[in-house]
Asker: 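Have a look at the structure that comes next, please.
Please read these numbers as outputs of a predicted model, since none were measured by experiment.
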Amino acid sequence: MKTDTQRPRPGAAILRTALRRNIGAMIAGTVLMGLYQAAETAFPIALGMIVEHTMQDRSLPSLGVSIGALAVIITTVSLSWRFGMRVLQKANTTEAHRWRVQVAACGLQPVARDVDGLKSGEILTIATEDADQTADIIEVVPLLISSLVAVSVAAVALSLADLRLGLLVVVGTVAILSVLAVMSKRIGASTQEQQAKVARAGAKVADLIIGLRPLHGFGGNHAAFGSYRKVSTDAKRQAVTVARVNGRYAGTALALNAVLAAAVSLTAGWLAFEGRITIGELVMAVGLAQFIMEPLKMFSEMPKYVMIARASAERMALVLSAPPVATPGPGRPEPGGTLEVDCVRHGTLRELKFTVNAGEFVAIAAYQPRAAADLAAVLAVNVAPHTYGGVVRIGGQEIADLSVEAVREHMLVNPYDGEIFAGTLRTNIDPSGTSRTVEEAVEASMLTDVVALHREGLDYAVRDRGANLSGGQRQRLSLARALAADTEVLVLHDPTTAVDAVTEQLIARNIAKLRRGRTTVVITSSPPLLDAADRVLVLDEGVITAEDTHRNLLARDEAYCLAVAR
């Protein structure tokens, strides 16, 4: 495997992708929302014309035509808004879904990505809140253009009455947007910092939930709560800062829009008083000054939403554009289950060297838990091969030359803390629904009592993280899943630490029987599992210090007796 030096894409590229993928929906939405804003702006113009015709012609037919025109305008306003927002929100929701799936796919790839220290809780926030806020750009652009249409129609209509009124709207709009553009930059920076702090708080919660039982066990829950409280307080303070900045922005926008509307109304009143515009034009100008408040408000809020979408896109780029920690090779393991660890140096492992022949059942008694965890991480390819010394071979081929998917299809490393997912017992044992050994795996893992305990059997509903199962039941369920995979090479890390001695003895015999003829490695200190193995390797201080059967080691190795005796 080789390291990947691909440079990350900026958030702007993500926004461009979102816009390009939804260009059709955005054009349709822009046309409909532009029609809505034009019709809204036409309403006060029509009122002014009604007043003008009524005062001049005083004819019922002219009044009827004007009322009919108003009806057409109102209908246009209603239908264009309804269908325009439907098109845009559908595109927005669909685009947010695409980004959520893409971020999730990055997190689930077999090769970890260099996400600059982001935890799973932070990635979850990026996949939800940031994906939604990034997709908002699809609505922002059409609404920005439609607001511009409304302002333009109002400016042209007022210019026809008096050029000074039209210029006042144009100059005022430019001034308002200039002031708000400066303020929106502060919103973007503050929002990005808030999103990062909220994500860290979410990651802290996820970590605490995972470690809740051991925290209670050694009394560390109060210290953990204090740690979370500090992170949450930082997020709260930043949220207050963002709310304060948003409040100033909204207040400034509203005040400037009101000043512009008042200026247009007063100027129109003065021009009417001077006799330079008619009463109908005065009614139109005052009406436009009121109606223009909405598009101006929408127009002035768009820069803020653009900055928020940009900040969210930048955070998504941290995940989507992060290079993989390593680039896997294209090969696949040869049939057979030979496993070689040749002079591996990683963490506490020092020139670790051993071979497990195809079809052999080998137990590794690790005196130091850290060494067991380091070995499991190397075999599971959770550590990139280029980051440690030595090599690991499967079927005579180096892991670095094989694709990670192929390695994991051939060799399964089941961690001691295997996750349990919301679903049923069956879907946890056989997630893909393709295993032919589910029943055998259930029996071998001694999960039969859990299945028999519930009327639904294997279809018994399991809560997230196995909240409705005991620790021993969760561990046996995880073991059943590993056995049901029926891989060429199976590596189990402490599979029976949460079960009683009798059950442990039965599980050890069952694993040996079910896996006969298949390569099996168990990293454990369990006497029944050590006794069931063909041979035992003693891992001490990062190297193999002894090798024999469990009973022979008990008879002649005092340190081994002390390490595994219960």
Asker: Within the supplied structure, the quantity of interest is the number of heavy atoms (other residues, nucleotides, ligands) at a distance under 6.0 Å from Phe361 CZ; does it exceed 12?
Answerer: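 Atom CZ in Phe361 is packed in, count exceeds 12.
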
Asker: I want to check a possible cation-pi pair here: Arg315 against Trp99, using under 6.0 Å from ring centre and within 45° of the ring axis as the test.
Answerer: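 Arg315 over Trp99 ring: no.
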
Asker: Mark yes when over 12 heavy atoms from residues, nucleotides or ligands other than His454 sit less than 6.0 Å from its NE2; otherwise mark no.
Answerer: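 Counting neighbours around NE2 of His454, more than 12 heavy atoms of other residues, nucleotides or ligands fall under 6.0 Å, so yes.
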
Asker: Among side-chain atoms of Asn510 and Ser445, is any donor-acceptor pair under 3.5 angstrom?
Answerer: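 Judged by distance alone, the side chains do not pair up.
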
Asker: How far apart are the closest heavy atoms of Asn468 and Arg463, and which atoms are they?
Answerer: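 Minimum heavy-atom separation between Asn468 and Arg463: OD1-N, 3.1 Å.
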
Asker: Which heavy atom of Ile138 sits nearest a heavy atom of Leu88, and at what distance?
Answerer: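 In terms of heavy atoms, the two residues are closest at O-CD2, 4.0 Å.
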
Asker: Regarding Thr545 and Asp540, is there a side-chain donor-to-acceptor distance under 3.5 Å anywhere?
Answerer: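 No - no donor-acceptor pair under 3.5 Å links their side chains.
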
Asker: What residues, two or more places apart in sequence or in another chain, satisfy side-chain hydrogen bond (donor to acceptor under 3.5 Å, both in side chains) together with Glu351?
Answerer: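 Checked Glu351 against side-chain hydrogen bond (donor to acceptor under 3.5 Å, both in side chains); matches are Arg345.
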
Asker: Hey, are the side chains of Ile364 and Thr524 touching, using non-hydrogen atoms and a 4.5 Å cut-off?
Answerer: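 No, too far: nothing below the 4.5 Å cut-off.
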
Asker: Do Thr497 and Asp494 get their side chains close enough for a donor-acceptor pair, meaning under 3.5 Å?
Answerer: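 Per modelled atom types, Thr497 and Asp494 side chains form no pair under 3.5 Å.
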
Asker: Assess, by modelled atom type and distance only, whether the side chains of Ser526 and Glu504 contain a donor and an acceptor separated by less than 3.5 Å.
Answerer: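 A pair is found: one side chain offers a donor N or O, the other an acceptor, under 3.5 Å apart.
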
Asker: Whether the Asp430 and Ser435 side chains hold a donor-acceptor pair (N or O, under 3.5 Å, no angle test) is what I'd like checked.
Answerer: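 Not at all, the side chains of Asp430 and Ser435 share no donor-acceptor pair under 3.5 Å.
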
Asker: Using 0.5 Å steps for rounding, measure from the CG atom of Leu492 to the CG atom of Leu479.
Answerer: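 That separation rounds to 6.0 Å.
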
Asker: With a cut-off of 6.0 Å (strictly less than), are more than 12 heavy atoms of other residues, nucleotides or ligands near CZ of Arg556?
Answerer: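 More than 12 within 6.0 Å, yes.
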
Asker: To the nearest 0.5 Å, tell me how far Met316 CE sits from Arg100 CZ.
Answerer: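 Reported value, rounded in 0.5 Å steps: 10.5 Å.
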
Asker: Sorted by first residue and then second, give each ring-ring contact (aromatic ring centres under 6.0 Å, His included) pair with at least one member in residues 497-555; sequence neighbours left out.
Answerer: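 Residue pairs with at least one partner in residues 497-555: His550-Tyr560.
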
